[in-house]
Amino acid sequence: MEEAKVVETRDGTIAVASAFPGHQEAVQDRDHKFLSKAVEEAYKGVDCGHGGPFGAVVVRNDEVIVGCHNMVLNNTDPTAHAEVTAIREACKKLGKIELSDCEMYASCEPCPMCFGAVHLSRIKRLVYGAKAEAAIAIGFDDFIADALRGTGFYQKANMEIKRADGNGALLAEQVFENTKEKFRMY
């Protein structure tokens, strides 16, 4: 069997091409199948008034574990994005806090909060459809794409971000030292 070949795509990402013929097409078909389910969730969420046009599915061993959509309006919760909701539901369903044997398919490029949640859940692969600019074009916050592209500044959020001074910072840091033996995450 031939060795895998490293391929650089037009957008600068790096991929590993499999040695056997038809592999990339099979992966593309599989990705399309699960991404279509995420897009269906996006439509479902809008149709029932739960939130914006965002959907996500978590897949393990070629089986959809959960399919979720944006629930921000329904839950009155600005963190109830499709990806975060899918991670929460998949963790509950599987009874664990890490999803390292799972993949996520998201209808749109995840915002920084969602990307952080994907990273923290240890999902092994993320496939998204639309770029963040598609969401911005219909009125979603451009801070999201700026943060993703490294072009944004926190000042856009119209809030002061500052580390506490003195004993407040020290007290907050001590909680990690004082509890480290109780939390071995992975």
*Given side chains that start at C-beta, do those of P53 and I138 come closer than 4.5 Å, heavy atoms only?*
yes
*With the side chain counted from C-beta on, respond yes when L99 and R122 share a heavy-atom pair under 4.5 Å apart, and no when they do not.*
no
_Can you list everything that forms a salt bridge (Lys or Arg N to Asp or Glu O under 4.0 Å) with D31? Sequence neighbours excluded, please._
R125
[X] versus [Y], closest heavy-atom pair with distance:
X: L35; Y: Y105; value: N-CD2, 3.8 Å
X: C102; Y: L94; value: SG-CD1, 4.0 Å
X: M113; Y: P78; value: CE-O, 4.2 Å

*Please name all residues satisfying side-chain contact (heavy atoms from CB on, under 4.5 Å) with A130, sequence neighbours left out, ordered by chain then number.*
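Result, side-chain contact (heavy atoms from CB on, under 4.5 Å) vs A130: C108, A134.
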_Run the side-chain contact (heavy atoms from CB on, under 4.5 Å) test against Q28 and tell me which residues pass, sequence neighbours left out._
none
Cluster partners of [X], using ILVMFWY side-chain heavy atoms under 4.5 angstrom, listed by chain and number?
X: L73; value: none
X: M71; value: none
X: Y43; value: V39
X: V46; value: none

Indicate every side-chain donor-acceptor pair of residues 83-93 with a distance under 3.5 Å to a residue at least two apart or in another chain.
| from | atom 1 | to | atom 2 | distance (Å) |
| --- | --- | --- | --- | --- |
| T85 | OG1 | A80 | O | 3.4 |
| T85 | OG1 | H81 | O | 2.9 |
| R88 | NH2 | T79 | OG1 | 3.3 |
| K93 | NZ | I65 | O | 3.0 |

*Pairs flagged by salt bridge (charged side-chain N to carboxylate O under 4.0 Å, His left out) wherever residues 61-71 is involved - sequence neighbours left out*: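 The answer is R30-D62.
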*Test side chain to side chain donor-acceptor pair (under 3.5 Å) applied to T76 - qualifying residues, sequence neighbours left out*: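 Side chain to side chain donor-acceptor pair (under 3.5 Å) check on T76 returns nothing, list empty.
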*For K33, which residues count as a side chain to side chain donor-acceptor pair (under 3.5 Å) partner, sequence neighbours excluded?*
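Residues passing side chain to side chain donor-acceptor pair (under 3.5 Å) with K33: none at all.
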*Qualifying ring-ring contact (aromatic ring centres under 6.0 Å, His included) pairs with a residue from residues 46-65, counting only residues at least two apart or across chains*: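 Listed by first then second residue: H50-H69, F54-F140.
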